[in-house]
2 protein chains.
Amino acid sequence: MPRIADPRARIDLLRAAEAIFAENGLAAAKVEDITIRAGVSKGAFYLHFKSKQDCFRQIVEGVVARLAACVEAGRFDECAPPESIEALFESRIAHVVELLEFCWQNRGILGMILTGGGGTPYAYLVDAFAERIEQQSEMWLRRGVEVGLYRDDIEPAIVARLIAGTHERLVREIIKQPRRPDIEGWARQALDLLTRGLLSAASSAVVDRTVTKNRERDERPREPRSRAKAG
Amino acid sequence: MPRIADPRARIDLLRAAEAIFAENGLAAAKVEDITIRAGVSKGAFYLHFKSKQDCFRQIVEGVVARLAACVEAGRFDECAPPESIEALFESRIAHVVELLEFCWQNRGILGMILTGGGGTPYAYLVDAFAERIEQQSEMWLRRGVEVGLYRDDIEPAIVARLIAGTHERLVREIIKQPRRPDIEGWARQALDLLTRGLLSAASSAVVDRTVTKNRERDERPREPRSRAKAG
DNA sequence: CCCCATAGTGACCGACCGGTCAGTAATGCC
DNA sequence: GGCATTACTGACCGGTCGGTCACTATGGGG
């Protein structure tokens with residue numbers, strides 16, 4: 001069977017397209033710019049993709065699939081029961097950091113999807129995702145209340161929305177940065193703040209110690225002022 | 001001076017344009033759709049606006065100016081010193097509710113600016129705004145720490161970003177809703193959660209009582225569970 | 001009533017760009 | 001080499017709008 005297809009053509013096209021789409025959005029991106037960057041002709045583009053939209057869809061679906069895998073890995077029932085509150089806290093941090101790390105790596109195209117730039121018809125994916133995170137958060141919350149980790153006078157549905165919102169916010173912040181930010185630091189501060197508002201009194205004393213300890217380890221020493229000591 | 005301009009023409013155009021832009025974004029909006037909706041000809045459009053972009057800019061600037069006025073009204077130095085923590089909390093709530101109310105009223109075009117839909121070149125306005133809110137939050141925080149309202153082991157810069165983020169998040173949530181949401185309820189829950197993580201121990205006891213009292217007033221009574229009692 | 005300045009009209013222009021297709025190059029099989 | 005088949009090229013087509021301009025409508029002043 002004659003004329004072997006250049007095996008790099010498709011990959012080059014996808015890479016070029018991702019860059020161009022990330023820079024201009026779907027509507028403003030020109031097929032010709034993509035093909036020029038990939039070093040192939042316009043016709044070659046249409047050998048690999050049905051249309052410009054089709055190309056964009058393939059890229060987005062790829063990113064979303066990998067992102068979904070990232071999120072799925074942190075589900076409540078995927079984790080072994082933690083030995084302690086500290087361990088729980090650390091495992092949550094690790095999971096969030098992993099997620100944010102992925103987002104940072106793919107910030108170009110993710111930013112385009114999130115900001116909906118250029119008439120992207122995939123904003124619904126973002127919403128579906130937020131929904132998923134929200135449900136996951138709500139499950140965590142209810143479980144946390146059951147075992148006495150969290151205050152039992154919260155409205156899980158509303159607080160779950162806030163938590164999901166904070167996550168989305170972190171993502172938006174991070175992919176906006178021109179330089180790699182201190183992802184773990186940001187995640188810790190966010191989780192810390194959220195957690196302090198949620199923990200039952202008994203739990204919060206323990207976490208106070210943990211967080212203070214971490215802070216002393218991570219930063220230059222400063223006069224510690226724990227909240228629990230004045231209770 | 002002959003031929004008086006129809007005084008409604010410009011207003012009709014602006015209204016029509018806002019609707020069309022809100023629905024389609026800048027790039028995908030057609031000037032002809034705007035003029036049809038306004039009931040004038042295409043030529044009339046170009047009597048009032050230099051270009052499609054110019055029209056969009058005028059609309060956006062109008063909204064942003066009113067929004068800025070809303071934010072400015074809540075600045076630290078604009079407020080009389082509150083008589084109590086409860087009064088402070090309530091004044092913050094009132095301010096946030098007013099802001100969110102405005103956003104809800106203008107959700108169409110605001111949504112378009114926020115989601116950057118259709119190649120809107122005004123995403124920088126959103127960022128500038130976030131920056132402003134962030135600085136304002138940071139000033140509040142530092143002041144709050146000084147007077148012993150907040151814990152003094154927080155990083156004002158980072159926490160301010162979180163607070164600003166939560167505000168932006170609230171806005172994004174609210175303008176996304178198909179029906180008018182319980183704006184005040186959402187605002188209270190958000191501020192409550194944030195505040196609990198920030199207050200110094202002495203302050204938090206007071207607020208616990210206030211919030212619990214408000215909750216009893218606002219909702220059906222439920223068994224109160226204050227955090228302070230176990231401290 | 002005429003003049004003319006300005007408001008308003010809409011057919012038209014032209015740039016732009018997604019998509020096509022006739023043609024060409026590369027490759028394996030005989 | 002000839003032939004079939006597939007990869008690839010790029011000039012071109014056609015639709016879509018943003019923007020223009022020759023024209024008409026409308027009103028006040030003399």
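By convention in this document, chain letters (A, B, ...) are assigned in the order of the sequence lines, proteins followed by strands, and residues within each chain are numbered from 1.
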J.: Does B:K176 reach the side chain of B:R107, with side-chain heavy atoms less than 4.5 Å apart?
T.: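 Not in contact.
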J.: Rounded off to whole Å, could you give me the CZ-to-C1' distance for the B:F49 and C:dG8 pair?
T.: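 Answer to the nearest Å: 15 Å.
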J.: So A:Y122 and A:F56, would you call those rings parallel, tilted or perpendicular, with 30° and 60° as cut-offs?
T.: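 Aromatic pair A:Y122/A:F56 classed tilted.
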J.: I want to verify a distance call: between C:dG8, C:dG18, D:dC8, whose nearest atom is closest to the A:V31 side chain?
T.: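 Output: C:dG18.
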J.: Which whole-number value in Å describes the distance from A:L47 CG to C:dT20 C1'?
T.: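 Rounded to the whole Å, the gap is 11 Å.
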J.: Atom CG of B:N24 to atom C1' of D:dT16: distance rounded to whole Å?
T.: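 So the two atoms are 15 Å apart, to the nearest Å.
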J.: Over how many whole Å does the gap from B:H48 atom NE2 to C:dT9 atom P extend?
T.: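 Rounding to the nearest Å, NE2 of B:H48 and P of C:dT9 are 9 Å apart.
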J.: Within the structure provided, determine whether A:L99 and A:L67 are in side-chain contact (heavy-atom separation under 4.5 Å).
T.: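 A:L99 vs A:L67: side chains touch.
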J.: Expected output is a numbered-order residue list: members of residues 36-46 of chain A with a heavy atom under 4.0 Å from any atom of DNA chain C. What is it?
T.: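 A:K42, A:Y46, in order of number.
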J.: Please state how far atom NZ in A:K52 lies from atom P in C:dT20, giving the value in whole angstrom units.
T.: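 After rounding, the reported distance stands at 14 Å.
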J.: Send over the distance from B:I34 CD1 to C:dG10 P, rounded to a whole Å.
T.: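 One finds 17 Å between P of C:dG10 and CD1 of B:I34, rounded.
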J.: Between B:R161 and B:E138, is there a side-chain N and carboxylate O pair less than 4.0 Å apart?
T.: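 Judged by the 4.0 Å cut-off on N to carboxylate O distance, B:R161 and B:E138 do not form a salt bridge.
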J.: Ignoring the backbone of A:D6, work out which of D:dG18, C:dA7, D:dC8 is nearest its side chain.
T.: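 Selected nucleotide: D:dC8.
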J.: Charged N to carboxylate O below 4.0 Å: is that the case for A:E90 and A:R188?
T.: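 A:R188 and A:E90: salt-bridged.
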J.: Round to a whole Å and report the spacing from CG of B:D33 to C1' of D:dC17.
T.: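 It works out to 10 Å between those atoms.
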J.: Quick one: A:D12 CG to D:dA7 C1', roughly how many Å, whole number?
T.: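 After rounding, the gap between these two atoms is 15 Å.
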J.: For the CG atom of B:L149 and the CZ atom of B:R143, what is their distance to the nearest 0.5 Å?
T.: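 The distance works out to 12.0 Å.
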